[in-house]
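Atoms considered below: every heavy atom in the structure, side chains included; atoms not considered: hydrogens, waters and symmetry mates.
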Amino acid sequence: MSGIAKTLQPPYYAVIFSSQRTEGDRGYGKMAEKMVELASQQMGFLGVESARDEGLGITVSYWDSLDTIKNWKEHLVHLVAQDRGKNEWYKSFALRVCKVERDNFYEM
């Protein structure tokens, strides 16, 4: 997961997941890698961008429709990760789904 995601022409959707972690890894790193790999195999997935410092993590995934976001939310392996997140990995989190109407990119 590196660089800026290359997306379709708008409109498309962004799922913004902001989180504050609990102490320790307890399998978080492996699961995070697995979720990116699995999400990228889902129909409608367009890309992902992620950043984390000591306190705050933000992951933005891009999708072609609300239906594909719903399908990803309900994926069985993703449901397991969501449950572990609530019970082990996150002090707090926020999830936002946004429709991207316009985008601009610059590359040197």
Would you check if the side chain of [X] reaches a backbone N or O of [Y] as a donor-acceptor pair within less than 3.5 Å?
X: Gln82; Y: Lys73; result: yes
X: Asp83; Y: Leu79; result: no
X: Asp64; Y: Thr68; result: no
X: Glu49; Y: Ala5; result: yes

Quick one: ring-ring contact (aromatic ring centres under 6.0 Å, His included) partners of Tyr90, sequence neighbours excluded? Phe17, Tyr28, Phe93
Considering non-hydrogen atoms only, spot the tightest contact between Val80 and Met31 and give its length. CG1-CE, 4.5 Å
When every non-hydrogen atom of Ser40 is compared with those of Glu37, the smallest separation belongs to OG-O, 2.7 Å
Hey, are the side chains of [X] and [Y] touching, using non-hydrogen atoms and a 4.5 Å cut-off?
X: Leu66; Y: Val97; value: yes
X: Lys34; Y: Val77; value: yes
X: Thr59; Y: Val48; value: yes
X: Ile16; Y: Cys98; value: yes

Group every Ile, Leu, Val, Met, Phe, Trp and Tyr by side-chain heavy-atom contacts under 4.5 Å, then state whether [X] and [Y] land in the same group.
X: Val60; Y: Ile69; answer: no
X: Ile58; Y: Val100; answer: yes
X: Leu8; Y: Met43; answer: no
X: Leu38; Y: Leu46; answer: no

From His75 NE2 over to Gln41 CD, what is the distance, rounded to the nearest 0.5 angstrom? 8.0 Å
When you compare the side chains of Ser65 and Trp63, does any donor N or O come within less than 3.5 Å of an acceptor on the partner? no
Decide side-chain contact (heavy atoms from CB on, under 4.5 Å) for Trp72 and Lys70; before the verdict, give the C-alpha distance in whole Å, the side-chain angles of both, and the deciding distance to 0.1 Å. CA-CA 5 Å; Trp72 172 237; Lys70 182 178 183 288; over 6 Å; no
Where at least one partner belongs to residues 8-20, residue pairs that pass side chain to side chain donor-acceptor pair (under 3.5 Å), sequence neighbours excluded: Thr7-Tyr12, Tyr12-Asp103, Ser19-Arg52, Gln20-Ser92
Run the side-chain contact (heavy atoms from CB on, under 4.5 Å) check on Lys6 and Tyr62 step by step: do they pass? CA-CA 9 Å; Lys6 304 296 184 201; Tyr62 300 98; over 6 Å; no
Salt bridge between Glu54 and Arg21, side-chain N to carboxylate O under 4.0 Å? no
